[in-house]
Amino acid sequence: MPLVTTKEMFEKSMKEGFAIGAFNVNNMEIIQGIVDAAAEENSPVILQASSSAIKYARIGYLRKMVEAALEEHDIPIALHLDHGPDYETCKMCIDNGFTSVMIDGSKYDFEENVALTKKVVEYAHSKGVVVEAELGKLAGIEDDVNVEASDAMYTDPAQAEEFVKRTGCDSLAIAIGTSHGAYKFKGDAKLRFDILKEIKEKIPNTPIVLHGASTVIPELVDKCNKYGGQIPGAKGVPDVMLHQASKFGVSKINVDTDLRLAMTSEIRQVLTEDPSVFDPRKYLLPARESVKRTVQHKIRDVFCSSNKA
Ligand code: G3H
Ligand code: 13P
Ligand code: ZN
């Protein structure tokens with residue numbers, strides 16, 4: 001099956017109450033781990049690359065590795081630009097075969113965000129590509145965007161309605177309390193499901209996206225720390241909240257941090273337990289398996305997209 005846009009998978013997700021996992025990719029092992037898991041679960045999946053991932057892996061390699069995944073598996077796969085910082089980056093990805101792009105105008109004021117998003121939508125739609133936009137600010141660190149927790153700004157439901165109407169964007173990333181990275185909450189985890197509900201009432205036909213949605217899986221954090229890592233006190237969004245979000249209105253859930261933990265914890269264990277190892281396959285193979293297990297758990301037990309391909 002060729003690459004698809006997110007249009008059909010999102011329509012199905014809104015009708016049937018499940019979410020699609022959007023997993024960040026940087027290299028071959030991560031791509032393989034994700035698509036092997038999605039294929040085993042017969043689930044649609046979104047592979048997304050940030051602009052720094054594209055700089056790291058190089059766009060041609062990413063595209064060809066995703067093509068290889070398509071040849072191997074018969075499930076709907078979308079290739080998405082995560083946190084597109086400007087029009088030029090979005091255009092470059094569209095011209096290189098991405099089927100979906102995010103333009104992240106959340107760092108701008110409302111009018112500037114509208115104007116930039118509209119410009120990307122016009123070009124993307126002329127090429128059959130869909131566009132995710134963002135309204136509201138996530139606390140924490142985004143790609144090239146640094147927002148202090150104190151400045152965190154939830155998405156305003158009325159503004160969301162106006163924004164979607166004026167930009168014509170295909171999906172909308174919202175801020176309801178999540179943040180990027182491994183340190184999302186100081187005390188108890190809390191998401192504003194009341195705001196999500198209001199947004200869904202205002203824009204019922206627009207797929208909603210949740211960024212910063214890693215669980216920061218405690219077992220993986222513990223394993224990293226056990227084998228020499230130093231990430232004490234890391235905390236993410238509990239599975240039960242992500243499950244609730246999947247059932248009640250969120251169509252796309254972004255995960256990067258959990259994949260980083262999955263890989264790194266495994267590599268740390270192998271190299272610590274056997275310092276004589278220097279063949280990269282000895283640690284990249286278990287790292288790829290760990291990515292697969294992590295993705296499979298999310299798809300099957302949390303996002304509920306198994307057998308929705
Ligand atoms: O939201 C940002 C993603 O985790 C991508 O991070 O820019 O380090 O690739 P990155
Ligand atoms: P996490 O840092 O919670 O994995 O979020 C990833 C993300 O939102 C990518 O856009
Ligand atoms: Zn994000």
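Each ligand, and each atom within it, is numbered from 1 in the order the structure gives. This chain uses plain numbering: 1 for the first residue, then up along the sequence.
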Show your reasoning for whether salt bridge (Lys or Arg N to Asp or Glu O under 4.0 Å) applies to E11 and K7.
-> CA-CA 6 Å; E11 272 165 14; K7 199 173 174 341; 3.1 Å; yes

Salt bridge between R293 and E289, side-chain N to carboxylate O under 4.0 Å?
-> no

Applying salt bridge (Lys or Arg N to Asp or Glu O under 4.0 Å), which residue pairs with at least one partner in residues 213-228 are found, sequence neighbours left out?
-> K223-E266

Enumerate the pairs of nitrogen or oxygen atoms, one from ligand 2 and one from the protein, separated by less than 3.5 angstrom; state names and distance to 0.1 Å.
residue, atom, partner, partner atom, Å
ligand 2, 2 (O), G181, N, 2.9
ligand 2, 2 (O), T257, OG1, 2.7
ligand 2, 3 (O), K184, NZ, 2.5
ligand 2, 3 (O), A213, N, 3.1
ligand 2, 3 (O), S214, N, 3.0
ligand 2, 4 (O), S214, OG, 2.6
ligand 2, 4 (O), D256, N, 2.7
ligand 2, 4 (O), T257, N, 2.7
ligand 2, 4 (O), T257, OG1, 3.4
ligand 2, 5 (O), G212, N, 3.3
ligand 2, 8 (O), H180, NE2, 3.0
ligand 2, 8 (O), H211, ND1, 3.4
ligand 2, 8 (O), G212, N, 2.8
ligand 2, 10 (O), D82, OD1, 2.9
ligand 2, 10 (O), D82, OD2, 2.7
ligand 2, 10 (O), H83, NE2, 3.2
ligand 2, 10 (O), H211, ND1, 3.1
ligand 2, 10 (O), N254, ND2, 3.1

Can you give me the NE2-the Zn ion (ligand 3)-NE2 angle for H180 and H83, to 10°?
-> 100°

Are T167 and T117 close enough that a side-chain donor and a side-chain acceptor fall under 3.5 Å?
-> no

Consider only side-chain N and O atoms of D239 and H297, and report whether a donor and an acceptor are under 3.5 Å apart.
-> yes

Cation-pi check, K119 to Y87: give yes when NZ or CZ is under 6.0 Å from the six-membered ring centre and within 45° of the ring axis, no otherwise.
-> yes

With heavy atoms and a 4.0 Å threshold, my read on which part of Q48 contacts ligand 1 is neither

N/O/S atom name from H211 that is nearest to the position of the Zn ion (ligand 3) = ND1

Heteroatom proximity flag, R260 to ligand 1, N/O under 3.5 Å = yes

Heavy atom under 4.0 Å from ligand 1: found in H83's side chain, backbone, both, or neither?
-> side chain

Could you pull out all residues at least two apart from N42 that satisfy side-chain hydrogen bond (donor to acceptor under 3.5 Å, both in side chains)?
-> none

Across all chains, not counting sequence neighbours, the side-chain hydrogen bond (donor to acceptor under 3.5 Å, both in side chains) partners of S246 are none

Output the list of atoms in ligand 1 that are nearer than 4.0 Å to some heavy atom of D256, sorted by atom number.
-> 3 (C), 4 (O), 5 (C), 6 (O)

Does a sphere of radius 6.0 Å around CG in D274 hold more than 12 heavy atoms from other residues, nucleotides or ligands, not counting ones at 6.0 Å or beyond?
-> yes

Does ligand 1 have a heavy atom under 4.0 Å from the side chain of N24, from its backbone, from both, or from neither?
-> side chain

